[in-house]
Student: 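Mind having a look at this structure? Questions to follow.
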Amino acid sequence: MNAVQTLKLDARRRAMLDEMGVKVWWPMPEAAEAAPAALEAAAVAAPPPAVRERAPSVAEAPAAPAARPVAAAPAPAARPTAPALLAQGAAVLVDAPRRLYAEASAEAAAEAAQGGWLVVADMPPEADGRHGEPFAGDAGKLLDNMLRALKLHDGTTPVHLMRTHRGVGAGQPGSPRPMDEAFAEHAAALAPSLVLAMGPLAAQSLMQSTDPLGKLRGRAVPLPSASGVPVVATYHPAYLLRNPADKARAWADLCLAAEQQTPSN
């Protein structure tokens, strides 16, 4: 019960209070009851205060991350040309061919040294720049054993050895010459019936391929630079000393090479 309700006096009670000298003041009932309702209605009807949207200032705007400088991609290095390879000592050189087992038969040595086998083997020179004996050292002994196993040591079949390595040709008479210049000339003079390439350098140079020796061996390929004479690639004796498990493959290559010989040879 509120104050307005407590002050609801009838006429008789008001007259008694007036006779007692008690002055009573109270708000008008209608006004007192209407005031809270008016305030509540005004609060409901009043629209909420508009929120003023403030545009972000330049200072408050989040700064975009600065673009990091992009380093220029390095230009691919130019591959060295043939003259550059020569300048780097990368030319493949060959020595003049040397006949093997010529002392085994004087009659065979006196005959023309054409036909037979031409062995091209990777053999770098010694420290003094000269090659040692073909059958020197363990690798040379193994080469001798391989050729003897093919019955080539009796001198009846000409066997020539051309040693190849990388280097820069001196241009002097008798000095090693680039293979692409000298091999065809020597092959024309010897007219071999078979070329045996021993080692990756000899095999890749003769077969004009960059494949590893493991992919070049095991097949006979005709050589255009030697009038189509077949060339068979195999492992170098020095490699076989380090990897004896491949000796069986090397023997298979030698048997394949022997099969390329004509019955007259």
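Just so it is clear, the model here is predicted, and its values are computed rather than measured.
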Student: Checking Val159 against Leu161 for the side-chain contact (heavy atoms from CB on, under 4.5 Å) test, could you report, in this order, the C-alpha distance in whole Å, the side-chain angles of both residues, the deciding distance, and whether it holds?
Tutor: CA-CA 7 Å; Val159 180; Leu161 173 65; over 6 Å; no

Student: Nearest 0.5 Å, please: how far is OH in Tyr235 from CZ in Arg217?
Tutor: 5.0 Å

Student: Taking all non-hydrogen atoms of both residues into account, name the closest pair between Asp253 and Gly218 and its distance.
Tutor: OD1-N, 3.4 Å

Student: Does Leu206 form a side-chain contact (heavy atoms from CB on, under 4.5 Å) with Met179? I'd like the steps, not just the answer.
Tutor: CA-CA 9 Å; Leu206 291 174; Met179 175 175 279; 4.1 Å; yes

Student: Dump the intermediate steps for side-chain contact (heavy atoms from CB on, under 4.5 Å) on His160 and Val119, then the final yes or no.
Tutor: CA-CA 6 Å; His160 289 84; Val119 180; over 6 Å; no

Student: Once you round to the nearest 0.5 Å, how far does CZ of Arg166 lie from OG of Ser205?
Tutor: 6.5 Å

Student: Check Ala257 against Val232 and note the closest heavy-atom contact, atom names and distance.
Tutor: CA-CG2, 4.0 Å

Student: Take Leu143 and Met198, measure what side-chain contact (heavy atoms from CB on, under 4.5 Å) needs, and give me the verdict at the end.
Tutor: CA-CA 10 Å; Leu143 173 62; Met198 306 187 76; 3.7 Å; yes

Student: Tell me the closest heavy-atom pair linking Pro237 and Leu142, and the distance in Å.
Tutor: O-CD2, 3.5 Å

Student: Looking at every non-hydrogen atom in both residues, tell me the closest pair between Gly155 and Arg99 and how far apart they are.
Tutor: O-NH2, 3.5 Å

Student: Check each of Leu240, Leu196, Leu213, Leu216 against Thr234 using the side chain to side chain contact (heavy atoms under 4.5 Å, CB included) test, and report the only one that passes.
Tutor: Leu196

Student: Can you check whether Pro230 reaches Val221 side chain to side chain, under 4.5 Å on heavy atoms?
Tutor: no

Student: Hey, could you give me the CG/CE distance between Leu93 and Met162, rounded to the nearest 0.5 Å?
Tutor: 11.0 Å

Student: Check Pro192 against Val195 and note the closest heavy-atom contact, atom names and distance.
Tutor: CG-CG2, 4.3 Å

Student: Using modelled atom types only, decide if a donor and an acceptor are shared between the side chain of Gln204 and the backbone of Asp211 within a distance under 3.5 Å.
Tutor: yes

Student: Hey, what do you get for SG (Cys255) to CG (Leu150), rounding to the nearest 0.5 Å?
Tutor: 7.0 Å

Student: Which is it for Asp246 and Arg249 under the salt bridge (charged side-chain N to carboxylate O under 4.0 Å, His left out) test, yes or no, and what are the steps along the way?
Tutor: CA-CA 5 Å; Asp246 286 331; Arg249 294 186 179 93; 2.4 Å; yes

Student: Could you go through the side-chain hydrogen bond (donor to acceptor under 3.5 Å, both in side chains) check for Tyr239 and Asp122 one step at a time?
Tutor: CA-CA 11 Å; Tyr239 169 86; Asp122 299 350; over 6 Å; no

Student: How long is the straight-line distance from CG of Leu201 back to CE of Met123, given to the nearest 0.5 Å?
Tutor: 12.5 Å

Student: Taking the side chain as C-beta and beyond, is there a heavy-atom pair between His165 and Asp95 under 4.5 Å?
Tutor: yes

Student: Just by modelled atom types, is the Glu181 backbone N or O under 3.5 Å from a matching donor or acceptor in the Glu185 side chain?
Tutor: no

Student: Counting C-beta onward and ignoring hydrogens, is there a side-chain heavy-atom pair between His153 and Leu100 closer than 4.5 Å?
Tutor: no

Student: Has the side chain of Asp144 got a donor or acceptor atom that lies under 3.5 Å from a matching backbone atom of Gly140?
Tutor: no

Student: For the pair Gln260 (side chain) and Ala220 (backbone), establish whether a donor and an acceptor sit closer than 3.5 Å, ignoring hydrogens and angles.
Tutor: no

Student: Would you say Asp154's side chain and Thr156's backbone share a donor-acceptor pair under 3.5 angstrom?
Tutor: yes

Student: Gly115 and Pro158: which non-hydrogen atoms are nearest, and at how many Å?
Tutor: O-CB, 3.7 Å

Student: So how far is it from Trp251 CH2 to Met146 CE, rounded to the nearest 0.5 Å?
Tutor: 9.0 Å

Student: Please examine the side chains of Phe183 and Leu223, heavy atoms only from C-beta on, and report whether any two atoms are closer than 4.5 Å.
Tutor: yes

